[in-house]
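Residue indices begin at 1 and follow the sequence shown. Computed from a predicted structure; not experimentally measured.
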Amino acid sequence: MAAGGTGTAQQQIDEIEALSSIYGEDWCVLDEDEKIYCIKISDCLDQPKWTLCLQVILPPGYPTSEPPIYQLNASWLRGQDYMELANSLEEIYVQNLGESILYLWVEKIREVLIEKAQTSDPEPDIKKTSEEVDEDYGDDFLLDYQPVQEDPVKMLNYITPESQEDEELPPIHHGNPITDRRSTFQAHLAPVVTPRQVKTVLEKLYENKKIASATHNIYAYRIYCEDKQTFLQDCEDDGETAAGGRLLHLMQILNVHNVLVVVSRWYGGILLGPDRFKHINNCARNVLVEYNYVHSGEESSKQAGKSKKIRRDNKKKTEH
């Protein structure tokens with residue numbers, strides 16, 4: 001191993017040991033080999049009102065040349081609040097290039113939580129975790145959901161190279177809504193080739209008051225990295241448990257790439273049970289078909305029939 005790599009690895013070890021000592025039970029090792037960690041952060045009250053989980057992956061080049069890959073998990077953290085906190089973490093990284101920054105990130109998040117607890121902000125709605133809780137919602141999945149056998153999904157890294165800062169906003173398309181028992185579902189689609197574009201599209205969507213007010217905005221994206229011949233992909237439940245993973249799995253089955261799909265759900269007060277997952281995925285599939293990311297079932301059947309006819313014709317020619 002190169003000397004620089006050895007130094008970086010030791011810096012990571014030292015930082016992890018320090019954080020584990022400082023935060024005790026709030027610090028959790030999810031995967032030591034992959035260097036995936038999680039820390040629970042609260043507003044420091046005896047009975048915390050505001051909590052958040054920061055999950056990080058430490059790439060080989062952290063801290064000298066690569067930022068941590070991170071995800072902020074909290075049912076109340078959405079829209080503008082999410083973007084403002086993500087931007088604050090980005091600023092800390094830029095201001096401390098080459099330095100270990102996880103402690104600074106944790107304390108910045110704690111500062112935001114304490115500020116919320118001290119202001120007139122209402123307490124987070126615990127029910128936001130999901131309006132509907134099922135004992136079993138797997139059997140009715142649109143495509144008979146099975147656990148994905150690919151590498152673990154890479155989480156969206158909001159720290160992107162400066163060269164991507166000025167990328168244009170991709171076109172955003174909106175699918176036809178589906179309404180069932182007063183709940184409405186609508187998909188939004190945008191072509192994306194970088195995580196920065198994903199962030200830009202999400203920010204633009206949240207500028208729409210109707211979309212920002214949705215009960216859930218579930219999203220998933222897949223970006224094909226030509227140079228590495230791998231996929232950069234991520235998903236978000238936004239409180240609708242397992243919906244983001246199911247949406248991403250649908251996109252993997254359909255083999256679509258360089259696209260972001262967001263499905264907004266406005267809850268109508270009537271529990272839909274497993275049907276809600278069907279609607280989320282049907283909305284997503286419909287908009288992907290409409291904008292030619294996948295063929296419709298009818299087109300696929302015609303294509304399959306055409307292929308069979310060609311094979312039969314070729315067989316006849318061979319026989320003659």
Side-chain angles (χ1 to χ4, degrees), residues 11-59 62-63 66-93 96 99-131 133 152-159 199 202 216-219 234-245:
Q11 283 180 283
Q12 290 188 10
I13 292 171
D14 293 343
E15 182 176 21
I16 295 309
E17 288 182 351
L19 293 172
S20 177
S21 175
I22 293 169
Y23 297 116
E25 293 181 356
D26 289 334
W27 177 264
C28 176
V29 179
L30 299 181
D31 190 323
E32 185 68 53
D33 293 336
E34 297 295 329
K35 299 190 182 301
I36 304 176
Y37 308 94
C38 182
I39 180 167
K40 181 180 178 182
I41 309 166
S42 69
D43 55 22
C44 292
L45 297 179
D46 292 336
Q47 295 182 331
K49 293 193 300 182
W50 299 89
T51 61
L52 182 150
C53 285
L54 170 66
Q55 187 169 320
V56 295
I57 301 176
L58 302 185
Y62 172 79
E66 291 183 85
I69 299 169
Y70 72 93
Q71 182 164 297
L72 302 169
N73 298 318
S75 58
W76 55 267
L77 187 63
R78 306 170 61 211
Q80 190 63 30
D81 283 342
Y82 193 110
M83 295 306 171
E84 288 179 359
L85 185 51
N87 288 337
S88 295
L89 299 187
E90 290 183 24
E91 289 177 8
I92 291 173
Y93 170 72
N96 297 272
E99 302 295 328
S100 300
I101 59 167
L102 294 186
Y103 176 79
L104 297 177
W105 275 11
V106 172
E107 293 310 308
K108 177 59 182 179
I109 292 170
R110 193 184 310 281
E111 178 185 315
V112 171
L113 298 181
I114 291 174
E115 184 178 342
K116 278 188 167 294
Q118 292 175 343
T119 62
S120 58
D121 283 357
E123 292 186 36
D125 182 2
I126 303 302
K127 293 181 180 179
K128 176 64 176 69
T129 303
S130 182
E131 275 68 21
V133 178
V153 173
K154 296 180 180 179
M155 289 172 294
L156 177 60
N157 178 4
Y158 280 98
I159 314 290
K199 179 182 177 183
L202 292 174
H216 308 288
N217 282 301
I218 303 116
Y219 73 76
D234 190 22
C235 60
E236 170 59 45
D237 295 339
D238 193 26
E240 185 67 287
T241 306

**Q** Could you check whether any side-chain N or O of Q71 sits under 3.5 Å from a backbone N or O of I57, counting only pairs where one atom can act as donor and the other as acceptor?
**A**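 Flag not set: sc Q71 to bb I57 has no pair under 3.5 Å.
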**Q** Answer yes or no: is there a side-chain heavy-atom contact under 4.5 Å between L52 and W76?
**A**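 Yes, at least one pair of side-chain atoms sits under 4.5 Å.
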**Q** Which pair of heavy atoms, one from P59 and one from P67, lies closest together, and at what distance?
**A**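 Heavy atoms only, the tightest pair is CG-O, 3.2 Å.
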**Q** Say you draw a straight line from CD of E99 to CD of Q11; how long is it, rounded to the nearest 0.5 Å?
**A**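 Answer rounded to 0.5 Å: 8.0 Å.
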**Q** Should I16 and W27 count as side-chain neighbours, where that means a heavy-atom distance under 4.5 Å?
**A**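 The answer is yes; the side chains approach within 4.5 Å.
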**Q** Looking at CG of D26 and CG of L19, how far apart are the two atoms once the value is rounded to the nearest 0.5 Å?
**A**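 With rounding to 0.5 Å, CG (D26) is 12.0 Å from CG (L19).
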**Q** Does any N or O in the side chain of N96 come within less than 3.5 Å of the main-chain N or O of I92, such that one atom is a donor and the other an acceptor?
**A**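 Yes, because the side chain of N96 sits within donor-acceptor range (under 3.5 Å) of the backbone of I92.
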**Q** Would you say that M83 contacts L202 through its side chain, given a criterion of any heavy-atom pair below 4.5 Å between the two side chains?
**A**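 Yes, at least one pair of side-chain atoms sits under 4.5 Å.
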**Q** Of L113, V112, T51, which is the lone residue that meets side-chain contact (heavy atoms from CB on, under 4.5 Å) with I41?
**A**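 The side-chain contact (heavy atoms from CB on, under 4.5 Å) with I41 is passed solely by L113 among L113, V112, T51.
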**Q** So L104 and Y93, do their side chains get closer than 4.5 Å, heavy atoms only?
**A**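 Side chain of Y93 against side chain of L104, heavy atoms only: no contact under 4.5 Å found.
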**Q** For D33 versus D31, what's the shortest heavy-atom pair and its separation?
**A**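 Residues D33 and D31, closest heavy atoms: N-OD1, 3.1 Å.
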**Q** So which heavy atom on L72 is nearest to which on A86, and how close?
**A**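 Result for this residue pair: CD1-N, 4.5 Å.
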**Q** Which residues satisfy the side chain to side chain donor-acceptor pair (under 3.5 Å) test with Y103, sequence neighbours excluded?
**A**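 Not a single residue meets the side chain to side chain donor-acceptor pair (under 3.5 Å) criterion with Y103.
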**Q** Apply the test side chain to side chain donor-acceptor pair (under 3.5 Å) to residues Y62 and E15: give CA-CA distance (whole Å), side-chain angles for both, the deciding distance (0.1 Å), then the verdict.
**A** CA-CA 11 Å; Y62 172 79; E15 182 176 21; 2.9 Å; yes
**Q** Identify, with sequence neighbours excluded, every residue that meets side chain to side chain donor-acceptor pair (under 3.5 Å) alongside E32.
**A**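 Y37.
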**Q** Return the minimal non-hydrogen interatomic distance between Y219 and D234, and the atom names on each side.
**A**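 So the minimum-distance heavy-atom pair works out to OH-OD2, 4.3 Å.
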**Q** Are K116 and D43 side-chain neighbours, meaning at least one heavy-atom pair lies under 4.5 Å?
**A**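 No, too far: nothing below the 4.5 Å cut-off.
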**Q** Provide the closest heavy-atom pair for G244 versus D237 in the form atom of the first, atom of the second, distance.
**A**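 In terms of heavy atoms, the two residues are closest at N-OD1, 2.7 Å.
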**Q** Can you see which heavy atom on E240 is nearest to which on H216, and at what distance?
**A**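 Minimum heavy-atom contact is N-ND1, 3.5 Å.
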**Q** Please identify each residue that fulfils side-chain contact (heavy atoms from CB on, under 4.5 Å) with E111, with sequence neighbours left out.
**A**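 Applying side-chain contact (heavy atoms from CB on, under 4.5 Å) to E111 gives K108.
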**Q** Walk me through whether K199 and N87 qualify under side-chain contact (heavy atoms from CB on, under 4.5 Å).
**A** CA-CA 11 Å; K199 179 182 177 183; N87 288 337; 2.9 Å; yes
**Q** Is there a donor-acceptor contact under 3.5 Å from the side chain of W50 to the main chain of R110?
**A**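 The answer is no, because no donor-acceptor pair under 3.5 Å joins these two groups.
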**Q** Do I101 and P68 come close enough that some side-chain heavy atom pair is under 4.5 Å?
**A**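 With C-beta onward as the side chain, the pair touches.
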**Q** Is I39 close to L102 at the side-chain level, that is, under 4.5 Å between some pair of heavy atoms?
**A**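 With C-beta onward as the side chain, the pair stays apart.
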**Q** Do the side chains of L85 and I109 get nearer than 4.5 Å, heavy atoms only?
**A**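 Yes, at least one pair of side-chain atoms sits under 4.5 Å.
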